[in-house]
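Here's the structure we're looking at; comments come further down.
Since the structure is predicted, the reported quantities are computational estimates derived from the model, not experimental observations. In what follows, residues are counted from 1 in the order of the sequence shown.
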Amino acid sequence: MAQIGPGMVVLLGVSRDDTEAEADRLADKVLKLRIFDDAEGRMNEPLGDEREILCVSQFTLYGDTHKGTRPSYMQAAPGEQAEPLYDRFCERTGAKKGVFGACMGVALINDGPV
């Protein structure tokens, strides 16, 4: 079981159109997001060395509910395509992760607005 201290939980959805370049770009962007408070209490600091990432694969982010009440996940990448991109994102960000495709319970304490 993976767990982190202060940091961020990333729910990562991979679409059928995603590529390695997009996984790299997103990883680099996440590492630079200035969403943590600085000494003056403004959201102005990136992850830095003292915070961690927990990354959870989440195909349901691509659920389309435009028609009816049963979501369609047609835009979500199949596991054999999504897992290498998920692994690439996690490796590039140094994220801890669970088991890809497993049914997991995730608990978090949300500390702030983001």
Side-chain angles (χ1 to χ4, degrees):
M1 174 171 74
Q3 89 181 44
I4 63 169
M8 70 173 78
V9 175
V10 174
L11 301 177
L12 184 69
V14 179
S15 81
R16 293 181 174 278
D17 299 328
D18 287 338
T19 65
E20 289 181 349
E22 287 166 323
D24 292 348
R25 182 187 60 76
L26 181 61
D28 294 345
K29 177 79 91 171
V30 165
L31 290 172
K32 294 176 186 174
L33 286 174
R34 296 179 351 179
I35 60 172
F36 296 98
D37 288 348
D38 62 15
E40 297 169 6
R42 291 192 316 247
M43 288 193 317
N44 197 33
E45 289 197 5
L47 197 65
D49 294 331
E50 66 277 0
R51 298 179 191 98
E52 302 175 282
I53 298 173
L54 174 63
C55 186
V56 178
S57 63
Q58 194 67 38
F59 75 91
T60 60
L61 292 172
Y62 280 99
D64 180 357
T65 58
H66 282 94
K67 296 181 181 178
T69 56
R70 180 177 297 174
S72 167
Y73 300 105
M74 294 301 296
Q75 290 304 310
E80 59 274 3
Q81 177 188 354
E83 187 171 13
L85 294 177
Y86 167 76
D87 288 339
R88 185 179 185 100
F89 175 91
C90 290
E91 185 175 315
R92 193 165 181 112
T93 59
K96 293 184 179 178
K97 58 186 183 174
V99 178
F100 183 88
C103 184
M104 294 180 287
V106 178
L108 70 100
I109 298 171
N110 189 29
D111 183 18
V114 293

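The number of heavy atoms from other shown groups lying within 6.0 Å of CD (Glu50) is above 12. Within a 6.0 Å radius of CD in Glu91, other residues, nucleotides and ligands contribute 12 heavy atoms or fewer.
Cluster membership check: Phe100 shares its hydrophobic cluster with Ile53, using side-chain heavy-atom separations under 4.5 Å among Ile, Leu, Val, Met, Phe, Trp and Tyr. Tracing side-chain contacts under 4.5 Å through hydrophobic residues (I, L, V, M, F, W, Y), one never reaches Val9 starting from Phe59; they form parts of separate clusters. Placement of Val56 and Leu108 within a single hydrophobic cluster is found when ILVMFWY residues are connected by side-chain heavy-atom separations under 4.5 Å, directly or transitively. The hydrophobic clustering, which links ILVMFWY residues whose side-chain heavy atoms are closer than 4.5 Å, places Leu33 and Leu26 together.
Scanning all heavy atoms of the two residues, the minimum distance from Thr19 to Glu22 falls at N-OE1, 2.9 Å. Nearest approach of Gly7 to Leu47, heavy atoms of both residues: CA-CD1, 4.4 Å. Across Asp17 and Gln81, no two heavy atoms sit closer than the pair N-NE2, 4.5 Å. Closest non-hydrogen pair, Leu11 versus Leu61, comes out as O-CD1, 3.3 Å. Annotation for Ala2 and Lys96: closest pair CB-CB, 4.2 Å, computed over non-hydrogen atoms.
Here the rule is salt bridge (charged side-chain N to carboxylate O under 4.0 Å, His left out) with Glu45, and of Arg34, Arg51, Lys32 only Arg51 fits it.
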*Is there a side-chain contact (heavy atoms from CB on, under 4.5 Å) between Asp37 and Met43 once you walk through the steps?*
CA-CA 4 Å; Asp37 288 348; Met43 288 193 317; 3.7 Å; yes
*Show your working on side-chain contact (heavy atoms from CB on, under 4.5 Å) between Val14 and Phe89 and close with a plain yes or no.*
CA-CA 10 Å; Val14 179; Phe89 175 91; over 6 Å; no
*Could you walk me through whether Met8 and Ile35 pass the side-chain contact (heavy atoms from CB on, under 4.5 Å) check?*
CA-CA 10 Å; Met8 70 173 78; Ile35 60 172; 3.9 Å; yes
*Quick one: do Leu85 and Glu20 satisfy side-chain contact (heavy atoms from CB on, under 4.5 Å)? Show the steps, please.*
CA-CA 6 Å; Leu85 294 177; Glu20 289 181 349; 3.9 Å; yes
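Here the side chain of Glu52 pairs a donor or acceptor atom with the backbone of Gly5 at under 3.5 angstrom. Within the 3.5 Å criterion, the main-chain N or O of Cys55 finds a donor-acceptor partner in the side chain of Tyr86. Looking only at distances, a side-chain donor or acceptor of Asp18 sits under 3.5 Å from a matching main-chain atom of Ser15.
Within the model, atoms CE of Met74 and CG of Asp64 stand 10.5 Å from one another, a figure rounded to the nearest 0.5 Å.
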